[in-house]
Amino acid sequence: MYQAEFHPKVDKDLAKLDIGLRKDIRDKHIPKILEDPYTTGKSLTGKLGGLKSYSFTAKRVEYRIVYDINTEKVIVLFLMVGPRENFYERLLRRLGK
């Protein structure tokens with residue numbers, strides 16, 4: 001099983017979300033990704049190529065979790081968590097692309 005690492009701003013992403021949703025992300029979605037990061041998320045293309053995006057819906061709102069897989073260190077680096085609206089534009093800014 002992969003180990004989780006988090007971009008420094010992921011804490012701020014999570015703080016903006018409802019406490020119940022944060023618990024679901026921590027207890028349900030992140031463990032699911034860590035169990036099999038290659039097939040759980042979809043591969044992104046373009047400027048975000050090489051990254052994976054996991055999506056889910058809560059209270060009729062779509063959310064995304066984007067992560068990178070480091071096979072050498074057996075680590076999944078979570079880069080951003082949040083609602084789908086403008087998600088990829090914000091991610092590009094965060095990554096400086």
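Values in this document were obtained by computation on a predicted structure and should not be read as measured data. Starting from 1, each residue takes its place in the sequence as its number.
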Would you give the length of the straight line joining atom [atom1] of [X] to atom [atom2] of [Y], rounded to the nearest 0.5 angstrom?
X: His29; Y: Thr40; atom1: NE2; atom2: OG1; value: 12.0 Å
X: Phe87; Y: Glu62; atom1: CZ; atom2: CD; value: 12.0 Å
X: Ser53; Y: Leu79; atom1: OG; atom2: CG; value: 11.0 Å
X: Leu21; Y: Phe56; atom1: CG; atom2: CZ; value: 5.0 Å
X: Lys42; Y: Leu44; atom1: NZ; atom2: CG; value: 10.5 Å
X: Ile69; Y: Tyr38; atom1: CD1; atom2: OH; value: 4.5 Å

4.5 Å side-chain heavy-atom contact, [X] and [Y]:
X: Val76; Y: Lys52; result: no
X: Gln3; Y: Glu5; result: no
X: Arg93; Y: Glu89; result: yes
X: Tyr67; Y: Ile75; result: no

Give the cluster check for [X] versus [Y]: same hydrophobic cluster or not, with ILVMFWY residues linked at side-chain heavy-atom distances below 4.5 Å.
X: Leu48; Y: Ile33; answer: no
X: Val61; Y: Ile19; answer: no
X: Val10; Y: Leu34; answer: yes
X: Tyr2; Y: Leu77; answer: no
X: Tyr54; Y: Leu91; answer: no

As a test of understanding, state which of Ile30, Val66, Ile25 forms a side chain to side chain contact (heavy atoms under 4.5 Å, CB included) with Val81. Ile25
Are there over 12 heavy-atom neighbours, none belonging to Lys97, within less than 6.0 Å of that residue's NZ? yes
Considering all heavy atoms of both residues, which atom of Ser55 and which atom of Arg64 are nearest to each other, and what is their separation?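 Result for this residue pair: CB-NH1, 3.1 Å.
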Residues Arg90, Asp13: salt bridge by 4.0 Å N-O rule: no
Give the C-alpha distance, both sets of side-chain angles, the deciding distance and a yes or no for side-chain contact (heavy atoms from CB on, under 4.5 Å) between Phe78 and Ile65. CA-CA 7 Å; Phe78 291 92; Ile65 300 174; 3.5 Å; yes
Do the side chain of Arg22 and the main chain of Leu17 share a donor and acceptor less than 3.5 angstrom apart?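 At least one qualifying donor-acceptor pair exists.
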